[in-house]
There are 2 protein chains.
Amino acid sequence: METLTIGRVAKKAGVNIETIRYYERQGLIPRPPRRQSEWGALGYRHYPAETVKRIQFIRHAKELGFSLKEIAELLSLRIEQGVTCGDVRKRAEAKIADIDTRIKILQRMKKALVNLAKECKARGPVSECPILEALER
Amino acid sequence: METLTIGRVAKKAGVNIETIRYYERQGLIPRPPRRQSEWGALGYRHYPAETVKRIQFIRHAKELGFSLKEIAELLSLRIEQGVTCGDVRKRAEAKIADIDTRIKILQRMKKALVNLAKECKARGPVSECPILEALER
DNA sequence: ATAAACCATGTACTTAGGTACAGAGTCAAG
DNA sequence: CTTGACTCTGTACCTAAGTACATGGTTTAT
């Protein structure tokens with residue numbers, strides 16, 4: 001188990017070092033253990049390997065339009081003592097519904113683009129915007 | 001055909017008036033015709049009905065994580081003179097690939113959440129973060 | 001044991017995407 | 001033909017999500 005300093009984590013996850021510290025301040029990644037220095041100051045952060053995955057997850061979710069606040073909610077969804085199972089289920093199901101909506105909109109967009117590419121062969125210039133189909137119902 | 005002033009468009013599309021003017025400045029919606037006033041100043045903007053759809057499209061795409069720049073590209077994808085068919089096809093296909101990636105990631109997230117909800121019944125408290133599965137390959 | 005390469009903290013700056021006025025002009029209903 | 005609701009331009013301000021230092025402490029390779 002190699003020692004993961006903040007710089008290594010940043011490189012592996014493909015983000016800026018400052019971003020990691022920022023996420024820590026925002027509570028998106030847990031404060032990692034720090035080796036204490038001689039006279040009491042906190043030493044370097046040392047991360048568990050899992051942190052890299054966590055940051056990549058954040059990156060993906062961000063690209064999909066989730067805010068950091070929403071991402072924090074997703075990351076905190078887990079079964080542990082002090083949280084009732086029903087609560088977890090309810091929150092998970094709400095997120096699932098949200099995700100389903102997003103998938104549907106993306107599929108409509110895709111369909112519009114596929115049609116566009118198809119039409120391109122078939123007939124000549126059209127001037128209205130074909131993408132707008134994507135949001136009819 | 002009722003006359004669509006900026007305020008009506010804003011209400012129908014569910015956005016702020018200033019947002020519409022902002023989108024106009026950013027080139028996301030075309031400058032609408034303006035009735036000229038007596039002594040030369042520009043009058044109110046009058047929008048075609050289609051504008052409402054266009055703004056709703058922008059809203060949806062934004063929620064899915066597309067930047068306004070990307071949205072402008074999507075909206076400008078159309079078959080018209082001066083643009084070769086091959087070019088349109090190529091750009092459309094790139095967008096389709098992008099959308100497919102997003103759909104896949106969302107489906108992985110969904111799967112992780114569905115599993116979480118399922119496990120919740122089956123066994124007791126777990127402490128690792130089950131959502132992280134979502135990004136294993 | 002010392003320089004080169006990292007890291008820590010705190011504060012300031014940046015960019016995207018809006019929002020909020022102020023002050024003045026426009027429209028339409030009575 | 002006036003009054004109240006609406007719109008215009010321009011500029012300033014705001015939030016989220018970082019990014020960039022400056023200054024100083026920590027590691028590690030030589």
Side-chain angles (χ1 to χ4, degrees), chain A residues 2-47 51-52 54-75, chain B residues 2-47 51-52 54-75:
Chain A
E2 60 185 327
T3 148
L4 279 177
T5 59
I6 197 168
R8 286 173 170 289
V9 172
K11 181 153 269 177
K12 285 197 176 205
V15 302
N16 195 307
I17 287 181
E18 322 279 349
T19 302
I20 296 179
R21 287 197 277 251
Y22 176 71
Y23 287 167
E24 182 180 320
R25 288 200 298 284
Q26 303 305 305
L28 285 160
I29 53 185
R31 268 162 261 94
R34 315 274 287 262
R35 202 181 296 145
Q36 197 106 346
S37 81
E38 301 256 354
W39 42 293
L42 291 171
Y44 291 5
R45 291 167 176 84
H46 285 280
Y47 293 92
T51 303
V52 175
R54 201 174 171 99
I55 292 170
Q56 283 168 341
F57 175 85
I58 296 171
R59 229 163 37 75
H60 284 310
K62 234 174 19 81
E63 281 160 17
L64 292 168
F66 291 94
S67 69
L68 294 189
K69 191 154 164 287
E70 289 169 321
I71 295 171
E73 283 167 22
L74 283 169
L75 285 169
Chain B
E2 61 184 326
T3 148
L4 279 177
T5 60
I6 197 168
R8 287 175 170 287
V9 172
K11 182 153 269 178
K12 287 198 175 205
V15 300
N16 195 307
I17 287 181
E18 321 280 348
T19 303
I20 296 180
R21 289 197 277 250
Y22 176 71
Y23 286 168
E24 182 180 319
R25 288 199 297 284
Q26 304 304 306
L28 284 160
I29 52 184
R31 268 161 261 93
R34 315 274 288 262
R35 203 179 295 143
Q36 195 105 347
S37 81
E38 301 256 353
W39 41 294
L42 291 170
Y44 290 5
R45 292 165 174 84
H46 284 280
Y47 294 91
T51 303
V52 175
R54 201 174 171 100
I55 293 170
Q56 283 169 341
F57 175 85
I58 296 170
R59 230 164 35 79
H60 283 310
K62 233 173 20 80
E63 281 161 16
L64 292 169
F66 291 94
S67 69
L68 294 190
K69 191 155 164 286
E70 289 169 320
I71 294 170
E73 284 167 21
L74 282 168
L75 284 169

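Proteins come first, then strands; the chains are lettered A, B, ... in the order of their sequence lines, and each starts at number 1.
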- Query: Roughly, in whole Å, what's the span from NE2 in H46(A) to P in dC6(C)?
  - Reply: 15 Å
- Message: Applying side chain to side chain donor-acceptor pair (under 3.5 Å), can you list everything that pairs with E73(A), at least two apart in sequence or on another chain?
- Response: K95(A)
- Query: Is there a side-chain polar atom (N or O) of R34(B) under 4.0 Å from OP1 or OP2 of dC27(C)?
  - Reply: no
- Send over the distance from E63(A) CD to dA17(D) C1', rounded to a whole Å. 14 Å
- Quick one: salt bridge (charged side-chain N to carboxylate O under 4.0 Å, His left out) partners of R59(A), sequence neighbours excluded? E63(A)
- Do the side chains of L68(A) and Y22(A) get nearer than 4.5 Å, heavy atoms only? yes
- Nucleotide nearest I6(A) when distance is taken to its side chain, options dC7(C), dG18(C), dT26(C): dC7(C)
- With side chains defined as the heavy atoms from C-beta onward, is the minimum distance between T19(B) and I55(B) less than 4.5 Å? no
- Query: OP1 or OP2 of dC6(C) less than 4.0 angstrom from a side-chain nitrogen or oxygen of T5(A), does that happen here?
  - Reply: no
- note: I58(B), atom CD1; dG17(C), atom P; distance rounded to Å ~ 11 Å
- Note on the structure: Taking dC27(C), dA17(D), dC6(C) as options, the one with an atom nearest any side-chain atom of R35(B) is dC27(C)
- Query: How many Å lie between CG on L68(B) and P on dG17(C), as a whole number?
  - Reply: 4 Å
- Nearest-Å distance for atom pair CD1/P, residues I71(B) and dA16(C): 14 Å
- Query: Heavy atoms under 4.0 Å, any strand shown: does K62(A) hit a base, just sugar-phosphate, or nothing?
  - Reply: sugar-phosphate
- Task: Could you list the residues that satisfy side chain to side chain contact (heavy atoms under 4.5 Å, CB included) with A10(B), not counting sequence neighbours?
- Result: I17(B), I20(B)
- Rounded distance (Å) that lies between atom P of dC7(C) and atom NZ of K11(A): 10 Å
- Ignoring hydrogens and angles, are the base of dC27(C) and the side chain of Y44(B) linked by a donor-acceptor pair under 3.5 Å? no
- Measure from CD1 on I55(B) to C1' on dG17(C) and round the result to the nearest Å. 15 Å
- Message: Check this one for me: any side-chain N or O of R45(B) less than 4.0 Å away from OP1 or OP2 of dC8(D)?
- Response: yes
- Nucleotide dA16(D), atom P - distance to CD of E70(A) in whole Å: 13 Å
- salt bridge (charged side-chain N to carboxylate O under 4.0 Å, His left out) filter on R21(B), not counting sequence neighbours, yields E18(B)
- Go through the structure and list residues passing salt bridge (charged side-chain N to carboxylate O under 4.0 Å, His left out) with E24(A), not counting sequence neighbours. R45(A)
- Is there a residue in residues 16-33 of chain A whose heavy atoms reach under 4.0 Å of DNA chain C, and which residues are they? I17(A), R21(A)
